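Have a look at the structure below before the remarks.
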Amino acid sequence: MKYSVVGTAGHVDHGKTALIKALTGIDTDRLKEEKERGISIELGFAYLDLPSGIRVGIVDVPGHERFIKNMLAGVGGIDLVLLVVAADEGVMPQTREHLDIINLLGIRQGIVVISKIDLVDEQWVEMVKEEITNCLKGTSLANAPIIPASALTGEGLQELVATLDRMVQEVPHRDTEGPARLPVDRVFSVTGFGTVLTGTLLSGHIRVGDVLEIMPGRVMTRLRTIQVHKQKVNEAYAGQRVAVNVPGVEIDQVRRGDVLITPGSLPVTRRLDARLMLLSSADRPLKNRARVRFHLGAAEIMARVVLLDLEELMPGNSAYAQMQLEAETVAAYGDAFIIRSYSPTRTIGGGKILQPSAPRHKRFRPEVIATLATLEGGTPLQLVEDYLARVGNLVAIDEIPQAMGWHLDKVKEIARELAGSGRARTLTVDGREHYVAGKVWDTWQARMREVVGRYHREYPLREGFPREELRSRYFGDLNAKTFNTVLALLANEGVIELRANVVALPGHKAKPTPEQKVIIDKVVEAYRASGLQPPSWESVIQTLGLEGASLGELQNFLLRTGQLVKVNEELFFHPDNIERARRLLKEAFEHTDAITVGEAREIWQTSRKYAVPLLEFFDSQRITRRVGDKRVLVKN
Ligand code: GDP
Ligand code: MG
C-alpha cells in the first residue's frame, strides 16, 4: 500500500487553492479571515483519489511572503510538490523563495503547473515555460514536468492528474516500521473531544492506544482516535496525513512545531551540527554567530550560526556549522532545515543535519571537521564506526539508533558487519548486545599491556595487577561488571591472563631480581636452620640487617610460592621442617591413639609456644583432630 502527501507551492494569488478545488472539490481556504481577505494564511488540507487507486493527501500552503513560516510547516513532510506559476504574472519573488526552500529541503519530486492559461495566449505560455525552465536549472526540480492548466476551464487538469499518478508511484517508500515521528502542523480543540493534532507522519506507524511523547515538552499521551482524510482508522502509516486525538493534553501544552515521537527515539537538542548552504540570492555574507530563524519541520526557533570551518560564509557557498538554538527541539541525522534572516525575514539558506545533538565545538578544529566530513559523506558503516569511536566506550545496540535516527534492525546489521570485519568488538553485558569501536578496543588492549607490564616490572614478586585497582585506576569509565566482560574478552584474545583476583600478562611468573634472590636465600636458610623453633619475621629481618618497604612484598612471595609455610599470623616455618614435624607425628601415632600437647612437645623437641600452633595447623590440614585436650589422627 502506498501513501503520499502532495504539497502546493508558489506565489500568492497564482491559483494554488483554485487548482486544488478544481482537482478535489475541496475548498482549503477555511478560515473566515482567508475568505475575507482572499488569501490563504493557514495550511489547507484536501485529498485526491488518483486513477490508480492511490489516495494522496494534499497540503495547500499560503503563498504570501508573510506566511512562509506556515508554508514551511506544511511542506516539511511532503513527497511531491506542485509548484504553481500563474501564466499572466510568470515567476515572482515567492515563486523563487518557495523553489529555494524546495531545493534546500531536497524535495526531488515535483510538477510545475502554469496556471490561469485561460488568461493568456499560447505564445505567452511558451515564454513563461522558458522563464520557468531557466529558473529550475540547478535545482532539485530541474527535470520536473511543466504542465499548463486552468482551474477555470479545466484545461490541462487531466494531464496533471495523469502525471501526478505516475510520479506518486515513483516516490520512494517511507520506513513504516521504525519509530513514529509526527511533526505537528496544527493544534485545535474539539468540544467534548479534547485536543486534536494534525501532521504528516514522517516515519513509522501509529495505532489507537499507542503512547507517544510530545517533544520537546516531554508530555506523554495515549492516542484515543486517529483520522486519515477525515475517516476514523485504527492505524496510520508513514506518508499519511493524520489527525490524532490526545486526551488529557491541554491545548496550551502543545504547539505547531512540536513533534510526537515514540518515547525516547529522538534526542532533545539545543545544538546541532550541519552542512549549511547560503543561497546565492542572499544579499550579504553570513557572519559567524549570526542570529537567524531556524526552521525544522513545523518548528521555528531562533538560533546562532557558529561557522566551524570558515570566517564568513559567502552567498552561494556552504560550510560546516553548528546551530545553537535558543529553545529545545528534537532532530535526526539527515534532517533538512531552512534558515531565514532575522530581519527582514527572508529565506537565506538551509542544510542537512549531521549531528542532531552535538557538544559545543571550538572553531577550526581539524578533528571536528573530519568527523563532520565522515558524517556527511560516509557510508552507514563508517557513520556507525565513527559514532562508536566518538563515544569511546561500550554502547548498547539499542542506543545507537537514537543517535543516528535509523531503524534498530538496520543498525544491528551494520554493527554486526563492523564486528565481523574487526572494525568493532561486540560484548554482552547484562544480556544486552554492546559494541565498542575497533580503535577504542585497540587503545584498551595497548593500555592493558602497558599498565600490567609496568606493574610486573614494578612488583616482580607479585602475581599480577589486582582487578579492582586496575579498573579504578585505568578503566574508570567502565563499571565492575562491564570491566569483567572486557577482561574476559581480552583474555580470550590472548592479551592477558586472568588469575583469581589479579590480571597478568600471558605466561607471567613472579620472579625475584638478583638482589632479591640473595635476600630470599638468606631468609629461607634462616628459617630452615631454626628447625621447629623459628624466629619471628621481624627478628630474621633484623638479624640479617634487611630493612625496607618491599619486605612485605617478599614475605607474600615466599608464602605464596611455598618457600615458607604460614602456621599462624606470626609464625612461619620452613617447609622441610613442617614436613619433618608431620612425619614425627605420624610415627608417634603408630604407638598411640591420642597425643597431648605435652607429648607433642616431646616428640618435636620444642616448646609449648610452637607445639600448640603446630597442632592447630595440622588440625586445619585435617591431619589431626582435637578431642578434649588430646589429638587423634584423622582417618581417610
Ligand atoms: P492562491 O493564493 O495561489 O491560493 O490563489 P487562489 O487559488 O486563491 O487564486 C487567486 C485568484 O486567482 C482568485 O481570484 C481565483 O479566482 C483566480 N484564479 C485561480 N485560478 C484561476 C484560473 O485558472 N483562471 C482564472 N482566470 N483565474 C483563476
Ligand atoms: Mg491559496
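Every number for a ligand or one of its atoms is a count from 1 in the order of the listing. Excluded from the calculations below are hydrogen atoms, water molecules and symmetry mates; all remaining heavy atoms, backbone and side chain alike, are included. None of these values were measured; they are calculated from a predicted model.
- Annotation: A18 places an N or O atom under 3.5 Å from an N or O atom of ligand 1; distance criterion only.
- The shortest N or O to N or O distance between T17 and ligand 1 is under 3.5 Å.
- At a heavy-atom distance under 4.0 Å, no atom of D60 approaches ligand 1.
- Look at T28 and the Mg ion (ligand 2): no N/O/S atom of the residue is under 2.8 Å from the metal.
- Remark: N143 CG is loosely packed, at most 12 non-hydrogen atoms of other residues, nucleotides or ligands lying under 6.0 Å away.
- A 4.5 Å side-chain heavy-atom check between E235 and I226 finds every atom pair outside the cut-off.
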Considering only distance and modelled atom types, tabulate donor-acceptor pairs under 3.5 Å from the side chains of residues 103-113, sequence neighbours left out.
unit_1	atom_1	unit_2	atom_2	d
N103	OD1	S140	N	2.8

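- In E312, the CD atom is crowded: over 12 heavy atoms of neighbouring residues, nucleotides or ligands sit closer than 6.0 Å.
- Not close to ligand 1: S115, with no non-hydrogen atom less than 4.0 angstrom away.
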Could you list the donor-acceptor pairs under 3.5 angstrom formed between side-chain atoms of residues 124-133 and any protein atom two or more places apart in sequence or on another chain?
unit_1	atom_1	unit_2	atom_2	d
W124	NE1	A87	O	2.7
E131	OE1	V91	N	3.3
T133	OG1	K129	O	2.8

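- The shortest N or O to N or O distance between G15 and ligand 1 is under 3.5 Å.
- Below 3.5 Å of separation, one finds an N or O of A151 facing an N or O of ligand 1.
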